[in-house]
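These numbers were taken from a predicted model, which means no experiment stands behind them.
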Amino acid sequence: MEGARVKQEDALDVLIVTAVKEECDAVLAVDAGAVEGSAWEKRDSPMGLEVFVRPFDVAGGVLRIAVMRAIAMGRENAIMAVAPLLEHHPEIRCVAICGVCAGRRDAVNLGDVIIADRTWPYDAGKLKVMVDAGGKRIERFQGDMDLYRIHPHDWKQLAERFQPDPRAPWIRRRPRSYEAQGNWVLERLARGEAPATHPHRKRKCPDYDQVLKQLWKVKWLEDGKLVLTEAGRGHIDRLMTLHPDGLPDAGPFKVVVGPIASGAPVVEDPTIFDRLAETSAMRKVIGLEMETSAILALAYQRKVRFAVVMKGVMDHADAFKSDNMKPFAARASAECLIAFLRAHLPPGAPGAAKDPLDDLLVP
């Protein structure tokens with residue numbers, strides 16, 4: 001099946017890219033808006049990787065949506081998976097990315113979805129290393145920003161107005177974060193109560209054993225004990241002072257538009273977002289992940305007319321980093337992405353000629 005000779009029944013409108021199986025499975029769980037009686041059908045990609053295709057209803061026609069995952073995480077693996085498929089399917093009009101990311105604390109809550117209005121490889125640039133008179137190593141990083149944007153440009157405004165149906169069943173599956181559960185445990189101890197036998201434990205702290213491990217890890221409890229450390233006491237005293245009527249639950253699910261930084265490493269660093277805001281001159285950065293900049297760069301290079309990134313926030317890239325929120329974040333990003341595409345990507349004729357506006361696309 002070569003590029004221009006794609007059969008009409010095999011033609012695709014959208015390619016959704018994911019990095020890991022859990023993210024791909026989250027897309028395969030989306031049924032809302034699918035053509036009645038349809039199912040995700042498995043195909044093989046030129047690289048031998050699995051591709052799943054399903055038609056979705058839109059105003060005026062049907063969108064044929066494909067989802068694939070790279071062989072592993074990382075930009076190189078994503079490019080190797082996507083480039084051959086775009087070569088074999090030049091009729092693809094939209095490249096989209098969903099999955100999970102880290103989110104900036106106080107900008108987004110765990111489980112929220114970020115739509116990237118801008119993304120860039122934050123680890124591209126020059127690293128200058130000096131050694132002072134005392135032998136101390138001093139590093140200074142100077143970034144080179146290749147910036148890629150959601151396109152077409154009016155999609156940013158559409159993204160800023162987008163919110164999924166609040167009655168959607170998947171929204172109600174958002175779990176209580178380990179951090180919120182941990183704060184509940186700390187509050188009980190600060191008030192002289194026993195969290196293990198508390199009547200609300202199963203509701204407020206359903207992952208009790210895992211939460212205790214996290215509290216020991218961050219040293220807010222003495223290791224192996226239900227005893228507040230000095231740091232733990234300071235943390236919970238501050239929260240209780242701010243919230244005298246009781247610690248608040250997480251706010252309602254929301255979709256937020258903002259910059260997402262893309263880099264090679266998996267990060268656990270509570271200062272990462274402040275450092276990115278300073279070293280990258282992107283003060284409003286709210287997301288961090290590993291593949292987006294490469295895929296959007298490829299979309300621009302291939303002059304794909306539409307491109308959008310949606311990532312669910314699974315952690316804050318700090319010591320409370322865990323997989324607790326990962327399944328929900330992956331599902332939320334998949335549901336939001338397909339709902340957005342159904343609302344705003346017009347149906348197209350398979351094999352249609354290239355839009356003349358494509359030549360005006362620039363990063």
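- In this structure, His316 contributes its side chain and Asp318 its backbone to no donor-acceptor pair below 3.5 Å.
- Taking every heavy atom of both residues into account, Val285 and Gly287 meet most closely at CG2-O, 3.6 Å.
- Counting all heavy atoms, side chain and backbone alike, Ser293 lies closest to Glu289 at N-OE2, 4.5 Å.
- No side-chain donor-acceptor contact under 3.5 Å links Arg174 to the backbone of Phe328.
- Pro327 is listed as a side-chain neighbour of Glu22, based on a closest heavy-atom distance under 4.5 Å.
- Between Phe320 and Leu215 there is a side-chain heavy-atom pair separated by less than 4.5 Å.
- A donor-acceptor distance shorter than 3.5 angstrom exists from the side chain of Tyr300 to the backbone of Arg149, with no hydrogens or angles considered.
- Residues Glu179 and Met325 fail the side-chain proximity criterion, which asks for heavy atoms closer than 4.5 Å.
- When all heavy atoms of Ile79 and Ile295 are compared, the closest pair comes out as N-CD1, 4.3 Å.
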Quick one: do Asp274 and Arg105 satisfy salt bridge (charged side-chain N to carboxylate O under 4.0 Å, His left out)? Show the steps, please. CA-CA 10 Å; Asp274 289 338; Arg105 189 179 294 278; over 6 Å; no
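- Side-chain N or O atoms of Glu50 include none that pairs as donor or acceptor with a backbone N or O of Lys42 at under 3.5 Å.
- In the hydrophobic clustering of ILVMFWY residues, with side-chain heavy atoms under 4.5 Å counting as a link, Leu186 and Val227 come out apart.
- By the neighbour-count criterion of 12 heavy atoms within 6.0 Å, atom CD1 of Ile71 is sparsely surrounded, having that number or fewer from other residues, nucleotides or ligands.
- Arg331 and Asp25 are not joined by a salt bridge, as no carboxylate oxygen comes within less than 4.0 angstrom of a charged side-chain nitrogen.
- Enclosure of atom NZ in Lys219 is not indicated, since only 12 or fewer non-hydrogen atoms of other residues, nucleotides or ligands lie within 6.0 angstrom.
- Between Arg176 and Asp249, at least one side-chain nitrogen of the basic residue sits less than 4.0 Å from a carboxylate oxygen of the acidic one, meeting the salt-bridge criterion.
- In Lys217, the NZ atom is crowded: over 12 heavy atoms of neighbouring residues, nucleotides or ligands sit closer than 6.0 Å.
- For Ser333 (side chain) and Gly99 (main-chain N/O), a donor-acceptor pair under 3.5 Å exists by modelled atom type.
- Atom CD1 of Ile171 is separated from atom SG of Cys336 by 7.0 Å, given to the nearest 0.5 angstrom.
- Between the NZ atom of Lys303 and the CZ atom of Arg305 there is a distance of 12.0 Å, given to the nearest 0.5 Å.
- In this structure, Thr119 contributes its side chain and Ile260 its backbone to a donor-acceptor pair below 3.5 Å.
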Go through the steps to decide whether Val211 and Trp184 satisfy the test side-chain contact (heavy atoms from CB on, under 4.5 Å), and finish with yes or no. CA-CA 10 Å; Val211 168; Trp184 180 86; over 6 Å; no
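- Val27 places a side-chain heavy atom less than 4.5 Å from the side chain of Ile338.
- The side-chain heavy atoms of Pro55 and Ile65, taken from C-beta on, include no pair separated by under 4.5 Å.
- When only modelled atom types and interatomic distance are considered, Gln181 and Asp207 share a side-chain donor-acceptor pair under 3.5 Å.
- One distance of note links CG of Leu12 with CZ of Arg43; it measures 5.0 Å at 0.5 Å rounding.
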Evaluate the salt bridge (charged side-chain N to carboxylate O under 4.0 Å, His left out) criterion for residues Asp269 and Lys321: first the C-alpha distance (whole Å), next the side-chain angles of each, then the deciding distance (0.1 Å), finally the verdict. CA-CA 10 Å; Asp269 177 359; Lys321 187 179 181 71; over 6 Å; no
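- Annotation: the span from Cys24 atom SG to Ile16 atom CD1 amounts to 9.5 Å, rounded to 0.5 Å.
- Proximity of Leu239 to Glu187: side-chain heavy atoms (C-beta onward) are nowhere separated by under 4.5 Å.
- Pairing each heavy atom of Ile150 with each of Ala307, the nearest pair is CG1-O, 3.5 Å.
- Taken together through direct or relayed side-chain contacts under 4.5 Å among Ile, Leu, Val, Met, Phe, Trp and Tyr, Leu49 and Val95 form part of one hydrophobic cluster.
- Val100 and Ile272 end up in different hydrophobic clusters when Ile, Leu, Val, Met, Phe, Trp and Tyr side chains are linked at under 4.5 Å.
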Glu291 and Val309: side-chain contact (heavy atoms from CB on, under 4.5 Å), yes or no, with the steps? CA-CA 10 Å; Glu291 296 85 18; Val309 176; over 6 Å; no
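- Under the 4.5 Å side-chain heavy-atom criterion for grouping Ile, Leu, Val, Met, Phe, Trp and Tyr, Tyr178 is not connected to Val108 through any hydrophobic cluster.
- In this structure, Met314 CE and Asn324 CG are separated by 9.0 Å, a value rounded to the nearest 0.5 Å.
- Residues meeting the ring pair (Phe, Tyr, Trp, His ring centres under 6.0 Å) test with His243, sequence neighbours left out: none.
- In Asp154, the CG atom is crowded: over 12 heavy atoms of neighbouring residues, nucleotides or ligands sit closer than 6.0 Å.
- Trp216 places a side-chain N or O within donor-acceptor distance of the main-chain N or O of Glu222, the cut-off being under 3.5 Å.
- Annotation for Arg342 and Asp57: closest pair NE-O, 2.8 Å, computed over non-hydrogen atoms.
- Contact detail for Glu87 and Arg302: the closest heavy-atom pair is OE1-NH1, 3.6 Å.
- Within 6.0 Å of the CD atom in Glu41, the count of heavy atoms belonging to other residues, nucleotides or ligands does not exceed 12.
- Val185 and Leu110 fall into different hydrophobic clusters, defined by Ile, Leu, Val, Met, Phe, Trp and Tyr side-chain heavy atoms under 4.5 Å apart, directly or through other members.
- Side chains of Met240 and Arg191 form a contact here, defined as non-hydrogen atoms less than 4.5 Å apart.
- Under a cutoff of 6.0 Å and an axis angle of 45°, Arg201 and Tyr208 form a cation-pi pair.
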Applying side-chain contact (heavy atoms from CB on, under 4.5 Å) to Asn109 and Lys254, what does each step give before you reach the verdict? CA-CA 8 Å; Asn109 293 323; Lys254 64 182 181 295; 3.4 Å; yes
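- Trp155 pairs by the ring pair (Phe, Tyr, Trp, His ring centres under 6.0 Å) definition with Phe306, Phe340, not counting sequence neighbours.
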Give the C-alpha distance, both sets of side-chain angles, the deciding distance and a yes or no for side-chain contact (heavy atoms from CB on, under 4.5 Å) between Met282 and Leu276. CA-CA 7 Å; Met282 187 65 74; Leu276 286 175; over 6 Å; no
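- Between the side chains of His235 and Asn183, at least one donor N or O lies within less than 3.5 Å of an accepting N or O.
- Looking at heavy atoms from C-beta onward, Asp112 lies in side-chain contact with Phe253 at the 4.5 angstrom threshold.
- The closest donor-acceptor contact from the side chain of Arg64 to the backbone of Ala11 lies under 3.5 Å.
- Here Lys311 contributes atom NZ and Ile97 contributes atom CD1; the two are 7.0 Å apart, rounded to the nearest 0.5 Å.
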